[in-house]
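Numbering of ligands and ligand atoms starts at 1, following listing order. Positions are given from 1 along the sequence.
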Amino acid sequence: MDSHDSSELPEIIPTHIAIIMDGNGRWALARGLPRLAGHRAGTENLRRVIEACIEFGIRYLTIYAFSTENWGRPKEEVEGLMDIFEDVIDQELQELSDQGVQLRHIGRLDQLEPVFRDKVLHALDFTKNNQRLILNVAFNYGGRDEIICAIQHMIKDGVTSDAVTADLVNQYLFTAGVPDPDMIIRTSGELRGSNFLIWQGAYSEWFFPPVYWPDFDKEQLRLTLEEYGHRERRYGRLSPGAEEIDSNAC
Ligand code: IPE
Ligand code: IPE
Ligand code: MG
């Protein structure tokens with residue numbers, strides 16, 4: 001274990017970080033390896049980032065593991081990814097639980113193989129009382145799909161048009177009860193959201209560290225958190241003090 005000096009901790013720690021773990025394929029390609037080797041390296045990195053989040057005192061971490069659009073990749077890659085996810089559950093569940101991680105799933109489970117789905121459900125149940133870090137795994141997740149699902153459920157529940165508010169929509173999303181992400185990090189240099197948390201990310205701060213996901217280490221996370229500390233979140237309002245300056249102007 002590395003020695004931990006609290007002066008290294010970033011000054012401002014957000015409540016909720018969301019990450020688009022992108023660049024596994026290019027990481028592998030750059031090394032002359034198959035894409036799946038990149039996905040395995042990405043999974044190992046995830047373990048390290050989870051540990052760093054725990055050490056930094058992050059309460060919620062949401063990771064984009066597989067999108068509703070990723071089904072469109074070649075069959076071997078999709079099957080390989082499913083195998084990797086299954087291995088992660090088999091090999092890491094106990095340790096994640098020992099670290100106080102509560103696993104939650106966002107997305108749809110119904111299109112998954114029954115054996116895999118059962119493993120996921122078992123992992124959610126096994127960790128449900130842990131409180132140190134809530135880890136939302138976006139798997140077979142799409143932001144548009146989530147909103148469609150919410151609308152369908154509201155209609156089924158007989159919600160009337162007047163009752164539809166932002167708070168109510170929040171309650172119908174996969175992330176019900178989870179605060180909106182303060183920051184969304186996308187590794188690999190791609191500058192887009194790719195259907196991730198499109199409702200919840202309305203006022204998130206975005207970061208695009210120029211490294212592939214398997215190389216996004218604790219130091220990268222610390223630097224990104226420091227950058228977050230320098231951002232001003234205005235939510236459409238003015239900076240504190242700006243109104244005063246304006247009213248003093250003639
Ligand atoms: C992200 O890495 C992981 C998944 C989408 C499952 P990619 O596989 O998208 O890697 P690149 O973007 O091709 O490098
Ligand atoms: C987003 O990355 C999905 C995940 C990281 C799971 P993609 O690599 O699938 O997104 P695009 O195709 O570059 O937009
Ligand atoms: Mg990608």
Side-chain angles (χ1 to χ4, degrees), residues 16-50 53 60-89 91-92 103-113 116-117 119-120 123 135-149 173-175 178 181 183-201 204-217 220-221 224:
H16 184 177
I17 298 182
I19 307 183
I20 302 176
M21 308 184 292
D22 197 19
N24 292 347
R26 279 164 285 164
W27 181 93
L29 191 72
R31 286 162 178 76
L33 298 170
R35 289 180 58 83
L36 283 175
H39 293 311
R40 291 224 175 254
T43 306
E44 277 159 32
N45 189 48
L46 176 59
R47 190 192 315 131
R48 294 190 286 269
V49 169
I50 291 171
C53 284
Y60 295 88
L61 172 65
T62 299
I63 50 161
Y64 206 5
F66 192 86
S67 74
T68 45
E69 288 73 33
N70 288 148
W71 294 108
R73 293 192 178 194
K75 192 167 168 270
E76 314 78 67
E77 179 161 346
V78 172
E79 285 177 0
L81 278 166
M82 298 299 150
D83 289 345
I84 291 173
F85 297 133
E86 251 189 270
D87 289 352
V88 172
I89 297 177
Q91 291 160 19
E92 310 278 346
L103 283 168
R104 294 192 192 168
H105 170 259
I106 62 173
R108 292 199 201 227
L109 287 177
D110 47 11
Q111 286 154 333
L112 306 179
E113 290 280 322
F116 182 36
R117 194 174 53 225
K119 275 192 184 170
V120 174
L135 176 62
N136 294 306
V137 183
F139 189 91
N140 192 20
Y141 172 88
R144 288 184 172 179
D145 185 52
E146 178 177 42
I147 292 170
I148 290 168
C149 203
L173 297 176
F174 298 136
T175 50
V178 174
M183 57 196 293
I184 302 180
I185 301 170
R186 180 174 191 148
T187 57
S188 91
E190 299 293 348
L191 306 178
R192 56 180 172 274
S194 301
N195 205 8
F196 189 46
L197 302 178
I198 53 179
W199 170 279
Q200 301 88 333
S204 303
E205 296 292 329
W206 282 84
F207 300 84
F208 299 97
V211 292
Y212 297 137
W213 168 248
D215 293 330
F216 184 81
D217 58 12
Q220 290 282 333
L221 178 63
T224 314

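Paired with K119 under the rule salt bridge (charged side-chain N to carboxylate O under 4.0 Å, His left out), one option of E113, E86, E92 passes, and it is E86. F66 pairs in a side-chain contact (heavy atoms from CB on, under 4.5 Å) with only one of the listed residues (L81, L112, V137), which is L81.
With hydrogens and angles ignored, the 3.5 Å screen pairs no side-chain donor or acceptor of D87 with any backbone N or O of I84. Formation of a donor-acceptor pair under 3.5 Å by the N140 side chain with backbone atoms of G107 is not found in this model. Side-chain atoms of R31 come within 3.5 Å of backbone N or O of W27 as a donor-acceptor pair.
Compare I20, T43, N24 by their heavy atoms: the one nearest to atom 2 (O) of ligand 1 is in N24.
Residues I184 and Y64 have side chains not in contact (no heavy-atom distance under 4.5 Å, counting atoms from C-beta outward).
Within a 4.0 Å radius of atom 8 (O) of ligand 2, the protein has at least one heavy atom.
For P214 against N24, the heavy-atom pair with the smallest separation is CD-OD1, 3.4 Å.
Looking at ligand 1, you won't find any N or O of W27 less than 3.5 Å from one of its N or O atoms. Of the N or O atoms in N70, none lie within a sub-3.5 Å distance of an N or O in ligand 1. Between G25 and ligand 1, at least one N/O pair is under 3.5 Å apart.
Looking at R186 against ligand 2, only its side chain comes within 4.0 Å, counting heavy atoms. Heavy atoms of E190 found under 4.0 angstrom from ligand 2: none, in either backbone or side chain. When non-hydrogen atoms are compared, ligand 2 lies under 4.0 Å from the backbone of A65 (N, CA, C, O) but not from its side chain.
The M21 neighbourhood of ligand 1 comprises atoms 1 (C), 2 (O), 3 (C), with distances under 4.0 Å to a heavy atom of that residue. Residue contact check: R192 has heavy atoms under 4.0 Å from atoms 11 (P), 13 (O), 14 (O) of ligand 2. Close approach of ligand 2 to R73 (heavy-atom distance below 4.0 Å) involves ligand atoms 7 (P), 8 (O), 9 (O). Near F66, meaning under 4.0 Å from any of its heavy atoms, are these atoms of ligand 2: 6 (C).
Enclosure of atom CZ in R117 by more than 12 non-hydrogen atoms of other residues, nucleotides or ligands within 6.0 angstrom is indicated.
To the nearest 0.5 angstrom, E146 atom CD is 4.5 Å from Q200 atom CD.
The shell of residues lying under 4.0 angstrom from ligand 1, judged by heavy atoms, excludes S188.
None of the N, O or S atoms belonging to E190 lies under 2.8 Å away from the Mg ion (ligand 3).
Ranking protein heavy atoms by distance to atom 14 (O) of ligand 2, first place goes to S194 OG, 2.6 Å.
Between F139 and F85, the angle of the ring planes goes over 60°, which puts this pair in the perpendicular group of the 30/60° scheme.
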